[in-house]
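In this text the structure is predicted, and so the values were computed from the model without any measurement. Note that these values count all heavy atoms, side chains included, but never hydrogens, waters or copies made by symmetry. Reminder, nothing fancy here: chain letters follow the sequence lines and each chain counts from 1.
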Amino acid sequence: MATYDGFFDSLGLRDWCDAGAQDGPMSMADLLARAQGGSTEAAADAGSLWDLPFPSLDALAASCPAIPRSRDLTVGLETGFLGIRDALRVVVDPVTQPLSWMLREMLWVMTATPWWLMIPILLLITWAVGRSWKVVGLVALFIGLLAFVDHYQAAMETLAIIFVCAFICVLFGVPIGIAMSRSDRMQNFVTPILDMLQTLPPFVYLIPLIFLFSVTEPKLYGIAVILYAIVPVVRLTNLGIRLVDKDVIEAADAFGMTKTQKLFGVQIPLALPNIMAGVNQTIMMSLAMVVIASMVAAPGLGILVLRGIRNLELGTGLVAGFGIVLLAILLDRVTKAALARIDASASNR
Amino acid sequence: MTTDKPVKVSIRHLYKIFGPEPEAAMTKVREGMGKPELLKTTRHVLGLRDINVDMREGQITVIMGLSGSGKSTLIRHLNRLIEPTAGEVLVDGENILTWPEGKLRQLRRETMSMVFQKFALLPHRTVLENAGTALATRGVKRRDWEPEAKTWLKRVGLGGNGHQYPHELSGGMQQRVGIARALTSNSGIMLMDEAFSALDPLIRTDMQDLLLELQEELHKTIVFITHDLDEALKLADHLVILKDGEVVQQGEPQHILLNPSDPYIEDFVADINRARVLRVRSVMQAGPAEGTFAGDIAPDDNLESVIAAAKGALEPRFRVVRKGEVLGTLEMATVMRALVPRGSRQAAE
């Protein structure tokens, strides 16, 4: 018999255990043990303290079949999720539908526009944001390089996804950060969620999303990217507003500013360098996630990297990988240039 | 002398206790518990204890005390940046502690303005915009507040600096902006929290002269906080000395200097250059002047100038004259006696 038989017997629970017994499917270990002629029981009978198994669900279930096995936990989670899936879909599907449209339209715009129109537009945006010829030159060089090795299409797809996702991250992240900065309770509530989003392995986001949405919907990877990348902009908005000089806030109060005047006239302008640093981080993280999201059909350079891994095409993977590095440098320099411009106009901090 | 002016701001039985349960600690203080005892038994800090001060219209009331005496806490009660534990603050006879938020904001916008020790200018706005803060906060349009702000900037000597940012100015110039900001609001009451303490001595003297010059013409009700006795004596019409959250002595500064009410103040005034601070009017003998005189002096002359006029000799008598009217006489022996602090005088006798 199993190790913990005596425990249940002494508690007088034997009847309850056996009553709950069910001939559920056996685990692989059980099958192997049975094939080898009940060696598990022999080991248990040896009864050495050295071999005492941890009283886990599986070990207890061996003595008392009424107790669920660990496998029931994962199975339960799955059936539970599938159970609420339809209800969840009714709510989440329409709410997130605009994301699908945005991604689809953006992808279409950025790939359908001819390159001799698209590249100047991108350079113009760069100039508008950063006001630095050096950065504009860098962008022209890198995009030219990518296009020269015929990765223009993939690079534009990747950029399109990042533009949409980063925009939505800022759209939601900044207000959440502001709300956090204004209430300690809100901060205590949101911080653990951010911690979880940041530490959960990125692949794990994908699993429930695959169950929820059809793989053909762009929002599937859009949501994964946004969940992963929204964290820094929320954190840094909160931090930036909390770091605004207490004396300046006091002066704003002393001159009778309302909460709204204070937020838009003092707190956000003074937190802007921090918020922009958050946007920079958010863009970098969405770039990282967009590669992983290619496993659920996100187009772009990630697909090529994935092909490199799957088919062991070393060259394809490496070129696409370096392409992503180029995009990362490019996005980083452009946002940093914007940050420097803001810093210059509102320095003295 | 000018005690007949109406009372503008009045503090009545004001208490402030810092800690988690100030109400409970308040009952103990009312029963007579002192500051060290309260800290020891309940871990609450007694910030202010039974403060009663009348601030008269058009006068400079200086609140002086060493750091930790509660002076900055006290001034923040006047516009309710800090809420008291008990007591009343009357502005024009109305208790502002009962006012709702909207009315309080009105008070901060229109009745009181504040100048801060660390300037607390908005770093992302130009000097001109900073000067116009109060009016802009009230919702006045830019083209309407700009001339007003420009006038006051010019008045404090920063006519050509309107387009600069605060960090481009020196400390003294930044505080001039702070004063212009307070003046532009056109409020009757100005709160100055250690406004000149962060400036170096020469610039501090300049700023004091500027303030006195402005006051000559504007007759604002000024509440000035300082830890510097020389500054207090120079500016004060009414001097309040705080120690450990209690008022030790208040009154006309010359009077306090000549009649210190307790050893703490005696110590305080011992190191003062009395010849420069004491005025003829507070030591002269009032009444008709007869006999021969070495010359005429004004009642507001300080003793230093009298000694200079006597060329160091001890015999001359002076006639005190204001606008042709003879007020009294002053003998040099009286002058010499006034120069010796009371403590040393008693020790000699």
**Asked** Passes side-chain contact (heavy atoms from CB on, under 4.5 Å), Gln117(B) versus Asp247(A)? Steps please.
**Response** CA-CA 9 Å; Gln117(B) 178 177 12; Asp247(A) 294 328; over 6 Å; no
Closest heavy-atom contact between [X] and [Y]?
X: Gly265(A); Y: His124(B); answer: O-NE2, 2.7 Å
X: Ala251(A); Y: Ala120(B); answer: CB-O, 3.6 Å
X: Ala254(A); Y: Phe116(B); answer: CB-CZ, 3.7 Å
X: Leu122(B); Y: Val248(A); answer: CD2-CG1, 3.3 Å

**Message:** At a 4.5 Å cut-off on heavy atoms, which part of Leu191(B) comes close to chain A: side chain, backbone, both, or neither?
**Reply:** neither
Looking at [X], I'd like to know if its [atom1] atom is crowded, meaning that more than 12 non-hydrogen atoms belonging to other residues, nucleotides or ligands lie closer than 6.0 Å.
X: Arg12(B); atom1: CZ; result: yes
X: Glu21(B); atom1: CD; result: no
X: Lys259(A); atom1: NZ; result: no

**Message:** Distance check, rounded to the nearest 0.5 Å: Phe255(A) atom CZ versus Thr137(B) atom OG1?
**Reply:** 8.0 Å
**Fill in**
Ranking Met257(A), Glu250(A), Lys246(A) by heavy-atom pairs under 4.5 Å to chain B gives rank one to Glu250(A)
**Complete:** By residue number, those in residues 69-90 of chain B with heavy atoms under 4.5 Å from heavy atoms of chain A are Arg76(B), Asn79(B), Leu81(B)
**Message:** Let's test your reading of the structure: which of Arg181(B), Gln106(B), Lys118(B) forms the most heavy-atom pairs below 4.5 Å with chain A?
**Reply:** Arg181(B)
